[in-house]
Protein chains: 2
Amino acid sequence: MGASDTRRHIIEAADRLFYENGFEATSFADIAKAVGLSRGNFYYHFKTKDEILGAVIALRIAKTQAMLDAWEEDAPTPAERIRSFIHILIMNRAKIMAYGCPVGTLCNELAKLDHVSKDDAAKLFTHFRHWLARQFAALGREADADTLALHILMRSQGVATLATALRDEGFIRREVEAMDAWLDAQRPGQLSLPQPASRSST
Amino acid sequence: MGASDTRRHIIEAADRLFYENGFEATSFADIAKAVGLSRGNFYYHFKTKDEILGAVIALRIAKTQAMLDAWEEDAPTPAERIRSFIHILIMNRAKIMAYGCPVGTLCNELAKLDHVSKDDAAKLFTHFRHWLARQFAALGREADADTLALHILMRSQGVATLATALRDEGFIRREVEAMDAWLDAQRPGQLSLPQPASRSST
DNA sequence: GTCTATATCAGGATAGAC
DNA sequence: GTCTATCCTGATATAGAC
């Protein structure tokens, strides 16, 4: 196995462990064990833990971009693309109830550590934000596309955090349904932030 | 200074440090230093870190209950009480942008650690949930009070998480305004989850 | 009830053999 | 490129003097 293969395995193992156990709680030994590597050899590939974190963030950004590109390919309309985003809450519900959102929880942890990479991690949100804003603009909401993008991003984060604490799948489903209904009502001519109306889909 | 005073100081220092730096990242030495205590003496008061965590969670629950009771005293209508809850996002915006929501971030961290106290921490949400549900019921929304309580709790969590990542005060203010507008529209006869309407307050 | 001193352990990081 | 052996630091935890 070449060095670049080993490196990739290390980053993928670190990615998973950082998500499941947190950045601080994951030791070099944990990652080395997951890859089947001695601790000593580990340092041939990565000199510091922060270096691994940087590689993990880069991997996540690449994966995110690939996912967004795929949604853009697969879904013909902007509304369906945004719906792809909303429905990752359902798709990943088991992991979210156990470990939260990979992006939100990493940003939270790095913020508390005041880690040098905290802004790099926050860029993951930026990718979603800009992609979502583009979809809302395509939906005819050019004027407030960014506000709408942040709003739906905010809701997905709120659902993830509460889902982890409550571990209630019904809660996720209800809120996703509400997000779908909210999206259906986003048509040109509406003003930015969501307002309640006289009927509901639930 | 008596032992119970020292104990209280330890818990308060731990409360602050767990919030600002995280549970794992906070060492006994950090807490001892903050209180002005030797590390050795520390163990006279608390045997394990988990014991301190338990005391911190108990303190937070007591403080939360006191805050909810005060809101109930000070605000004459259910709507104003719920507004008190929504506006902690503005009141605490500086700390939230730096460290996130104390409840959400602690639950997230303990979930990843699969810590024995993770469900105790989640009870903090339960206190807000039931209090909010009581207010929505008093507002005339008995049928879906709990759903509405979880919805507004979810939004406050989402705003806190994104605020920490983006550190954008304008974002917080816009979303709080939207939450206020959403609350204004919650009247008896509405069905549970929020829907957009034809106009916005922003 | 508070201190100093110390045991023990785990994690990050390095050196050098193969 | 992978290993074993090792160092250093910091963290939990204890013992015992005052």
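So that the names make sense, note that chain A is the first sequence line, chain B the second, and so on, each numbered from 1.
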Using the ring-ring contact (aromatic ring centres under 6.0 Å, His included) criterion, which residues pair with [X]? Sequence neighbours excluded.
| X | value |
| --- | --- |
| Phe85(A) | Phe128(A) |
| Phe46(A) | none |
| His115(A) | Phe23(A) |
| Phe42(A) | Phe28(A) |

- Using the test salt bridge (charged side-chain N to carboxylate O under 4.0 Å, His left out), find all partners of Asp15(B) that sit at least two apart in sequence or belong to another chain.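 Asp15(B) satisfies salt bridge (charged side-chain N to carboxylate O under 4.0 Å, His left out) with Arg60(B), Lys63(B) only.
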
Length of the line joining [X]:[atom1] and [N]:[atom2], which is rounded to integer Å:
| X | N | atom1 | atom2 | result |
| --- | --- | --- | --- | --- |
| Asp50(A) | dA13(C) | CG | P | 8 Å |
| Glu24(A) | dA10(C) | CD | P | 18 Å |
| Lys33(B) | dT2(C) | NZ | C1' | 20 Å |
| Ile31(B) | dG10(D) | CD1 | C1' | 15 Å |
| His45(A) | dC3(D) | NE2 | P | 9 Å |
| His9(A) | dG1(D) | NE2 | C1' | 15 Å |
| Ile10(A) | dG1(D) | CD1 | C1' | 11 Å |
| Tyr44(B) | dT2(C) | OH | P | 8 Å |

- Sorted by chain and residue number, the side-chain hydrogen bond (donor to acceptor under 3.5 Å, both in side chains) partners of Glu142(A) (sequence neighbours excluded) come out as none

- Message: Base, sugar-phosphate or nothing for Ser27(A)? Non-hydrogen atoms, less than 4.0 Å.
- Response: sugar-phosphate

- Below 4.0 Å: OP1/OP2 of dT2(C) and any side-chain N or O of Thr6(B):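 Yes, Thr6(B) has a side-chain N/O under 4.0 Å of OP1/OP2 on dT2(C).
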
- All pairs passing side-chain hydrogen bond (donor to acceptor under 3.5 Å, both in side chains) where residues 28-49 of chain A contributes a residue, at least two apart: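 Output for this query lists Ser27(A)-Asp30(A).
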
- Query: Would you find a donor on one side and an acceptor on the other, under 3.5 Å apart, between the side chain of Tyr19(A) and the backbone of Lys95(A)?
  - Reply: yes

- Message: Keeping Lys118(A) on the side-chain end and Cys107(A) on the backbone end, is there a donor-acceptor pair under 3.5 Å?
- Response: no

Tabulate protein N/O versus nucleotide N/O from nucleotides 13-17 of chain D, keeping only pairs under 3.5 Å, one per line.
unit_1: dA13(D); atom_1: N7; unit_2: Tyr43(B); atom_2: OH; d: 3.0

- Using the C1' atoms of the five pairs at each end, what is the angle between the end axes of the helix from dG1(C)-dC18(D) to dC18(C)-dG1(D), to 10°?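 Taking the rotation axis at each end, their angle is 0°.
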
